[in-house]
Amino acid sequence: MIPEIFNPKSIAIIGATERENSVGRGIIENLKSGSAELFYVNPSSKKVFGEKSYNRITDIEEDIDLAVIAIPKEIVSEVVDDCIEKKVGGVLIVSAGFAETGEEGKKRQDEIAEKLSKAGIPLVGPNCLGILRPPVGLNASFAPGNPKNGDICLISQSGALIDSIIDGAKEENYGFSLIISVGNAAGLSLIDYIKIADEDPSTKVIALYIEGVDKGRELFNCLKKIKTPVVAIKGGKSEKSKKAICSHTGSLAGEHEIFSAALRQAEVEEVDTLSQLFDVSKALAWQSAAGDRVAVVTNGGGAGVLLTDQLYEDGLKLAELNQDTIEKIENKMHPDYSKSNPLDIVGDALPERYEIAADNFLAQENVDVLVVIMTLQVMTDPLETAKRLVKLKEKHQKPILTVFMGAGKETTEGINFLEENKIPNYSHPKRVAKPIKALNNKK
């Protein structure tokens, strides 16, 4: 069950302000897009955005489900005491200046965490961007606007990366069920967040950015037990980056080789780039598990060669094109089509030729996954081809992934239609292999 702090009906912003370019203002502007009742706490202002501002959270008569704290570190402990007295449902501390700064900051953090723990009040942070839950309109963060609603849960030990991901995802077709900035994790931990995401019916895949892990064995036992597929990217592979991690979140980075081996044992897909993180995540969220036998339909021979190289590099294989299939499609293909896998249906292929080739390939029992590549020619029709592929996915109930190359208006319309119907598209043939490998490993 999702904790109430991820679905608050009432939120107090402690450090609420109208000041331009401030964290407090950014949080208010994001929260205004939701439905929760907002209460402003700032002893220096009688009103914030025309609404009453309270001196202390204890002055508010109504119950508070979530208190968001964005104030200087020196007075956070005092405000936390007020939150405990008020019996708030949860506390989110975005303020920095705690364990990531050294021993003094860690002592300050531990005291706050201990007080909240004794009071039975969950703590998110400190030193974090906040939490977002698009399905219920919650954006308790100072992120750059609201991400799209979707089925990927992003859990990150870097708030700044979340900012960039949200901004970049506005032009993409995937969205988020939950976004959690872990921060210093003095209260709720990375393990807690993974368990929360696993119980969230809106989450189909969990995407992790991890730097340091304090309870490695407990984390990997958790990852083994959950049902939701997980994709992870690990920061801190070099010695110098490990030192940077300690000053970032106060966490310790372990040996990467050991970490990677543990991820494999837990059936977690490890990736190397943020692009791969979401390439793989959307495939796992939108497609069913599949075997390792891949069929490829392409109107460009070179693109098919590039994909073939990457498939074998990732331990996948091409399914053999059956003679029965060749006989069925022979008279409906260009005379120079390849008669092999990858099935090169030649550059002038119209939607009908794509449909015939894809339909008959998917009908083969030895085909687990189909990849359709399209290079844009004068006669190419991306949108109509996309519509036919969506119907074939419903007909055959097998994963289809596409590589519609190019970013022109016509290609974009086709790509958008594919992804709106849960067929993931990739801009280059080599990008599609790792998502297929993840489907092969899917829990």
Side-chain angles (χ1 to χ4, degrees), residues 2-3 5-7 90 92-94 122-136 138-141 143 147-166 168-169 174-216 218-236 245 248-251 253 259 262-263 266-271 273-274 276-278 280-282 284-285 438 443:
I2 298 292
I5 59 169
F6 290 96
N7 191 25
L92 163 60
I93 303 176
V94 302
L123 165 63
V124 177
N127 182 33
C128 70
L129 178 73
I131 55 177
L132 302 88
R133 194 173 172 217
V136 298
L138 174 66
N139 187 346
S141 78
K148 294 178 183 178
N149 184 15
D151 32 34
I152 298 172
C153 170
L154 173 63
I155 304 174
S156 174
Q157 287 183 322
S158 168
L161 278 182
I162 293 175
D163 285 334
S164 299
I165 289 167
I166 289 174
Y174 60 80
F176 299 92
S177 54
L178 195 58
I179 299 177
I180 301 168
S181 173
V182 175
N184 293 2
L188 291 173
S189 68
L190 177 63
I191 295 166
D192 293 321
Y193 295 130
I194 291 170
K195 290 178 179 177
I196 288 167
D198 188 45
E199 295 175 358
D200 177 17
S202 299
T203 294
K204 305 302 180 189
V205 63
I206 300 170
L208 299 179
Y209 170 73
I210 303 175
E211 290 181 350
V213 177
D214 295 325
K215 299 178 180 178
E218 188 178 340
L219 170 64
F220 294 114
N221 285 338
C222 168
L223 290 170
K224 285 180 181 179
K225 290 179 182 177
I226 65 171
K227 298 177 181 178
T228 308
V230 179
V231 188
I233 181 171
K234 173 71 166 62
I245 286 170
H248 182 200
T249 61
S251 298
F259 188 88
L263 287 180
E267 299 181 33
V268 172
E269 291 294 325
E270 186 180 11
V271 297
T273 68
L274 289 176
Q276 288 180 350
L277 185 69
F278 293 101
V280 173
S281 290
K282 67 181 182 181
L284 290 173
K443 291 184 177 182

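This one's a predicted model, so the numbers in the text were calculated from it and none came from an experiment.
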*Determine, stepwise, if the pair L161 / L274 fulfils side-chain contact (heavy atoms from CB on, under 4.5 Å).*
CA-CA 9 Å; L161 278 182; L274 289 176; 3.8 Å; yes
*Is there side-chain contact between I196 and I2, with heavy atoms separated by less than 4.5 Å?*
yes
*Could you grab the distance from atom CD1 of I165 to atom CD1 of I179, nearest 0.5 Å is fine?*
8.0 Å
*asked:* What's the separation between atom CG in L154 and atom CD1 in I166, rounded to the nearest 0.5 Å?
replied: 7.5 Å
*Measure the shortest side-chain to side-chain distance between E269 and P229 over non-hydrogen atoms and say whether it is less than 4.5 angstrom.*
no
*Shortest non-hydrogen contact between K215 and I191, atoms and distance*: O-CD1, 4.1 Å
*Where is the tightest heavy-atom contact between L138 and I5, given as atom of each residue plus distance?*
CD2-O, 4.0 Å
*Nearest heavy-atom pair of S181 and V124: which atoms, and what distance?*
O-CG1, 4.3 Å
_Could you measure the distance from the CD1 atom of I233 to the CD1 atom of I210? Nearest 0.5 Å is fine._
10.5 Å
*Could you walk me through whether T203 and S177 pass the side-chain hydrogen bond (donor to acceptor under 3.5 Å, both in side chains) test, one step at a time?*
CA-CA 6 Å; T203 294; S177 54; 2.6 Å; yes
*So, does S189 use its side chain to make a donor-acceptor pair with the main chain of A185 at under 3.5 Å?*
no
*Do you know the tightest heavy-atom contact between P134 and N149?*
CB-CA, 3.8 Å
*Could you pull out all residues at least two apart from P126 that satisfy side chain to side chain contact (heavy atoms under 4.5 Å, CB included)?*
I93, F98, Q109, N184, A186
*asked:* I'd like to check the side chain to side chain contact (heavy atoms under 4.5 Å, CB included) partners of A262; sequence neighbours left out, ordered by chain and number.
replied: F220
_For the OG1 atom of T273 and the CZ atom of F278, what is their distance to the nearest 0.5 Å?_
10.5 Å
*Is the count of non-hydrogen atoms from other residues, nucleotides or ligands lying under 6.0 Å from K148 atom NZ greater than 12?*
yes
_Checking D163 now: which residues fulfil side chain to side chain contact (heavy atoms under 4.5 Å, CB included) with it, not counting sequence neighbours?_
L129, A143, P144
*With side chains defined as the heavy atoms from C-beta onward, is the minimum distance between L188 and I180 less than 4.5 Å?*
no
*asked:* For a 4.5 angstrom cut-off between non-hydrogen side-chain atoms, does V205 reach V280?
replied: no
*For N221, enumerate each residue passing the side chain to side chain contact (heavy atoms under 4.5 Å, CB included) test, keeping only those at least two apart in sequence or located in another chain.*
R217
*How would you list, by chain and number, every residue that makes a ring pair (Phe, Tyr, Trp, His ring centres under 6.0 Å) with F6, sequence neighbours excluded?*
none
_F259 versus K234, closest heavy-atom pair with distance_ = CE2-CD, 3.7 Å
*Closest heavy-atom contact between D200 and R133?*
OD1-NH2, 3.9 Å
*Please list, chain by chain and in numerical order, all residues satisfying salt bridge (charged side-chain N to carboxylate O under 4.0 Å, His left out) with D198, sequence neighbours excluded.*
none
*Roughly how far apart are I155 CD1 and L208 CG, rounded to 0.5 Å?*
5.5 Å
*asked:* Tell me if a side-chain donor or acceptor on E211 pairs with a main-chain N or O of S158 at a distance below 3.5 Å.
replied: no
*What distance do E218 atom CD and L223 atom CG have between them, rounded to the nearest 0.5 Å?*
11.0 Å
